[in-house]
Amino acid sequence: MKEQRNWLEWTVFLLGGGLVCSVLGYLIYLALTVQLVPPQIEVKLKDIVACPGGYQVKVFALNRGSQTAEGVEIEVSLKPSEGDEERSAFTIDFLPENTEEAGWVTFSLDPQARGSELQARVLGFKVP
Amino acid sequence: VSEKAEDVSCTIRQYARGLTGGLMFSLPLLYTMEMWWAGFLTHPGRLALLIVVTFVLLLGYNRFAGLRSDATWFGVAFDSFEEMGLGLVVSAAVLTLLGRVDWGDPLAENVGRVVVEGMLVSIGISVGATQFTRNEDSEEAGMDDEDAENSCAPNQMGHIVTAACGAVLFAANVGPTDEIPTLAFEMSLARLLLLAVLSLGLGGMIVYFSDFSGSPTQPEHRTPFAIATGTMMSYAVALLVSTGVLYFFGRLDHVPPTAALAQIVVLAFPAVLGSAAGRLLLQ
């Protein structure tokens, strides 16, 4: 071995080599163990707050599958005790596995009014 | 290469040059949305393959164009690990700063993002460390001249490796974008053919002029035959690298062969600029 390295180069080499090997090992482990389960998206409704012109509801979507979902459309409908049903929707560009994303839908009527019923569902998505 | 270990300040300057190069070449991609997505859309097996391919490219580049051309394979591997480690750290740091990596997210997703960006950073570091060294201190510059004349009078293998590195740096910058399939699907066959001819022509031009700019008189490098071979080689490498980059980003999955070929031709245009210019890196 002709060239000699100083302590800094050795440090960077050892840390860098260790990092590269562990990342590679981790990816290979993932590649061998990962099972492709289609996205399974769970939708939860949380905070309802008044906003200018109506009310907004925070929506959480959690992907329990092992594949990323793309273009997830989520619709929330509000059935008041009387009158027409109101629908609101939004789209999440990408929802990777085990990841939770949040969005808001808005309504003109108060979802917390007596007899009102809120329902959320996933309209559809694609797997990229 | 000096017999004694280089002093630490010299090493730090070396790293600084590398980091500059790494950031310069990869910044467009650190700012590209498709690259962040690629981190979690890409199968971990493909990411592992990316690391291996990048490592082989780094080995080749450090062997044929690196600062220590008389280096042993151990030395070459040493440099490659340093560069790849730095590349990963730089990628993780920049992505965290930009808020593209949130360490509360699942580990696999973050590792994917850091790896996709980090590999290009490490090639940039490698190229930066050698290219920005020119005329810096006479000692190292002298060493470079020596290399050019020496055993490393760029042989075919060296040309191919540096051409591939150059092509990757150029092709990777546009490869992940949606513009590639758009162009490929919307361009007519005649236009694609023209693009391929233009790619060859530009490649030839760069090869022709690169032989003037670099090392002094080597007339045998300027014969029409040598130019033609160099051009073909550059375009062949560009096509191969384009195929690899498109495969990595999943652009070749589930598409008919004609659509795949059209995309390869579209991407080979920027790639050939890099691969033909790659030979400049050797001189």
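Proteins come first, then strands; the chains are lettered A, B, ... in the order of their sequence lines, and each starts at number 1. All values reported here derive from a predicted model rather than from experimental measurement.
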Under 4.5 Å from any heavy atom of chain B - which part of Leu15(A): neither
Region of Leu47(B) in contact with chain A, defined by heavy-atom distances below 4.5 Å: both
Ring-face cation of Arg46(B) near Tyr247(B) (centre distance under 6.0 Å, axis angle within 45°): yes
Tyr15(B), part contacting chain A, at a heavy-atom distance under 4.5 Å: side chain
Atom group of Leu107(B) that falls short of 4.5 Å from chain A, counting heavy atoms: both
Arg5(A) NZ/CZ over Phe78(B) ring centroid, <6.0 Å and within 45° of normal: yes
Side chain, backbone, both or neither of Tyr26(A) within contact of chain B (heavy atoms, under 4.5 Å): side chain
Over all atoms of both residues, closest heavy-atom pair of Ser116(A) and Leu78(A): CB-CD1, 4.0 Å
No-hydrogen, no-angle side-chain donor-acceptor test under 3.5 Å, Ser126(B) and Asn62(B): yes
Whether Phe74(B) and Phe13(A) hold their rings parallel, tilted or perpendicular, with breakpoints at 30° and 60°: perpendicular
Residue part contacting chain B, namely of Phe94(A), when any heavy atom lies under 4.5 Å: side chain
Nearest atoms (heavy-atom pairs only) where Leu50(B) meets Thr54(B): O-OG1, 2.6 Å
Heavy-atom pairs under 4.5 Å with chain A, option from Val52(B), Leu41(B), Val89(B) with the top count: Leu41(B)
Among the listed options Ile28(A), Val127(A), Leu19(A), Leu32(A), the residue most often paired with chain B at heavy-atom distances under 4.5 Å: Leu19(A)
